[in-house]
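A short write-up of the structure that comes next.
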Protein chains: 2
Amino acid sequence: MDSNASPPSSPRSAARGRSPRASGRVTLSDVAQAVGVSAMTVSRALRGERRVDPLLVEKIHAAAERMGYVPDPAARALASQKSTQVLVLVPLLSNTLFVDLIESIHKVLFAAGYHALIGVTHYDRAEEEQLLRTYLPLRPAGLLLTGFDHSPAARKLLADSGIPCVHMMELSAVDQPSQLADQTPCVGFSQAEAGVAITRHLLERGRRRIAFCAGQLDARVMQRAAGWRTVLEQQGLYDPALELLWPRPTSMALGAELLTQALQRDPAIDALFFCNDDIAQGALLEALRRGIPVPERLAITGFNDLPGSDQMLPPLTTVRTPRGAIGAESAQMLLQLIRGELVATPRLDLGYELVVRQSS
Amino acid sequence: MDSNASPPSSPRSAARGRSPRASGRVTLSDVAQAVGVSAMTVSRALRGERRVDPLLVEKIHAAAERMGYVPDPAARALASQKSTQVLVLVPLLSNTLFVDLIESIHKVLFAAGYHALIGVTHYDRAEEEQLLRTYLPLRPAGLLLTGFDHSPAARKLLADSGIPCVHMMELSAVDQPSQLADQTPCVGFSQAEAGVAITRHLLERGRRRIAFCAGQLDARVMQRAAGWRTVLEQQGLYDPALELLWPRPTSMALGAELLTQALQRDPAIDALFFCNDDIAQGALLEALRRGIPVPERLAITGFNDLPGSDQMLPPLTTVRTPRGAIGAESAQMLLQLIRGELVATPRLDLGYELVVRQSS
DNA sequence: CTGTTAGCGCTTTCAA
DNA sequence: TTGAAAGCGCTAACAG
């Protein structure tokens, strides 16, 4: 046979002009050729697989570095059916709570070579579902979702995808103490217990008519409400008129509004338990404006310990929620799931801390 | 030839058991087979290319829908060297400013079939550079960056990538009014002019000793400072002692601290121009705590008109920045660049609005 | 420990 | 207007 014979043999090797479709980037086989090994070996070496000659590994790393090789995530995702993206869905970015959550997630994932793809649901199950439909085809390596409140279709998407998923901020219900807990991976704390703690604190301070004021009535807010209600019912102090629920988003202005409404509805109210610090801050300022002494005439408490709560007049009593830790631990747990490792505590309770300042 | 003859012909067609590497998802050829056309036609039809029989288009859409076909972004990116991701880099998420920016970017991009990939630089050029290194290989369709302050290496990465890019929040410098402006695409407003406007307002209110108090000394803050300085110099009122610059992040607590420092340094100061609303709010609360009458004894102004500024005691005078519009217009401009369209105004000035409330 | 082969699912290119 | 062929850059699967 003539060695000048046509195509079949080594199609890429002598290719100087490259294929018309080539992207121009340095590829795995470029590096392989330079080092004098196969592309597969380079692939293995660069991914840090075992069973590659350490000397080769070194040479390959050097060549890759020198040639400016950067792996192509699309090719990798297509070939391996995996990506390094982790989809993170939060309800909102305008609450520092979720920003803190995201920051710590990002830190843990990034260090492990994964990337957070952030989606915002605006507390809307339909929007969450659409985001899942949009981003699941990207084959994220894992999912980090806020809460458990998903549409049935979203649940199905999640289940069908088979992608590991950790739920953040709240804990799955444990029906019977004697019974084994639900094994759905989740990291958070008991929102209901935190609601109980704040309410008990107000009772200890001698408050009798404690109103619960909330906006943005998501599942977690309602759990706090349940905690509050339980305590008041135990004490025979519960009255439905003490429940001020506002379905739309929270804001400082809403706090002023709810304080006004509460006192109009029942002037005997002596404490306001707000579901979030931002409305509590607004209420505090409204009290200042109207000359209502806090805490003497009215105790005010918030939730989450957001920036500025310690600066208020008076500083706001609140519950510090461990969102940084929740983000970090969720990401860590997800990484374990992605790697197929056993998760020791798939239902991780990180607790909360009552921060008593001068507003109560 | 025996029709039972082996492989070469139609390798995929009769494949029931599929290849061992197949992902299980419905592919383009599945749809093609169902409709009885080639995969190429399905590809064209689904992407809405012209020159496909309208009847076929309809049949193909129906089949795709029925079979649950979802395009594979990785395969698409690999084959076309394009993705639908747009990389959005912001300094911070804990400032509502950037959250508003992101929200409106997301809305515009999502509607056009693109997705925002959010990265946070923490005002750190090295971190920005690392993010670019990490995400540029994803072949984002475009880039949306905050400001113009990039490391030299980052500049090179940007230039080499050839990916369209719009800079947000500030405007490129125009050296000579008569000269053609720099054509780097950007959407924002003149930070310096806004600084001038606030300072003039304070002068009009009869203030003489106006301090500039800032944290997080990024380029935009320094431009506001320059505006302030220019005005004071024109009036012969400039004094370096009036400049209180704090390199670390802003917070309400910092506002309290800077107010204290300013009055210690010079008790004659009669106005404080804060670079951001959060520190201004902190200062306002500190004034309240110390019984300093605002604005009688001390005028206080902020920047950005963040949530809560209208709730303060007294409500805060500030500059409303058009971040929503900046996000939307930047995204729109980027889409034009991606599509190779001509951009009418590559340097888009969206202005600002002085919001005079009772603190000045 | 290393290499070969054969795709992943899509789109570019060119021909009909 | 449609299709066939080829390949984007990488890795799974199997040999050796």
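The sequence lines fix the lettering, A, B, ..., with proteins before strands; numbering per chain opens at 1.
Taking the six-membered ring where tryptophan is involved, the planes of A:Phe98 and A:Tyr123 are perpendicular, since the angle between them exceeds 60° and thus also 30°.
Nearest nucleotide to the B:Arg21 side chain, out of C:dT12, D:dC10, D:dA12: D:dA12.
Atom CG of B:Leu138 is separated from atom P of D:dC8 by 20 Å (rounded to the nearest Å). Put simply, CZ on A:Arg25 is 13 Å from P on D:dC8, counting in whole angstrom units. Spacing between atom CZ of A:Arg139 and atom C1' of C:dC8 amounts to 8 Å, rounded to whole angstrom units. In this structure, B:Lys82 atom NZ and C:dT11 atom C1' are separated by 9 Å, rounded to whole Å. Distance CD (B:Gln81) to P (D:dC10): 11 Å, rounded to an integer number of Å. Between B:Leu78 atom CG and C:dT12 atom P the separation is 12 Å, expressed in whole Å.
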**Report entry** B:Leu117/B:Val88 under side-chain contact (heavy atoms from CB on, under 4.5 Å): CA gap, chis, key distance, verdict
**Finding:** CA-CA 6 Å; B:Leu117 184 60; B:Val88 182; over 6 Å; no
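The line from CE of B:Met169 to OG of B:Ser330 is 9.0 Å long, rounded to the nearest 0.5 Å.
Between the side chains of B:Arg47 and B:Ser43, a donor-acceptor pair is found at a separation under 3.5 Å. With hydrogens and angles left out, the side-chain atoms of A:His115 and A:Gln85 include no donor and acceptor closer than 3.5 Å. In the model, B:Gln183 has no side-chain atom that pairs as donor or acceptor with a side-chain atom of B:Arg347 under 3.5 Å.
Sorted by residue number, the members of residues 36-68 of chain A with any non-hydrogen atom under 4.0 Å from DNA chain D read A:Met40, A:Ser43, A:Arg47.
Contact check, A:Arg76 against D:dT11: a side-chain N or O comes under 4.0 Å of OP1 or OP2.
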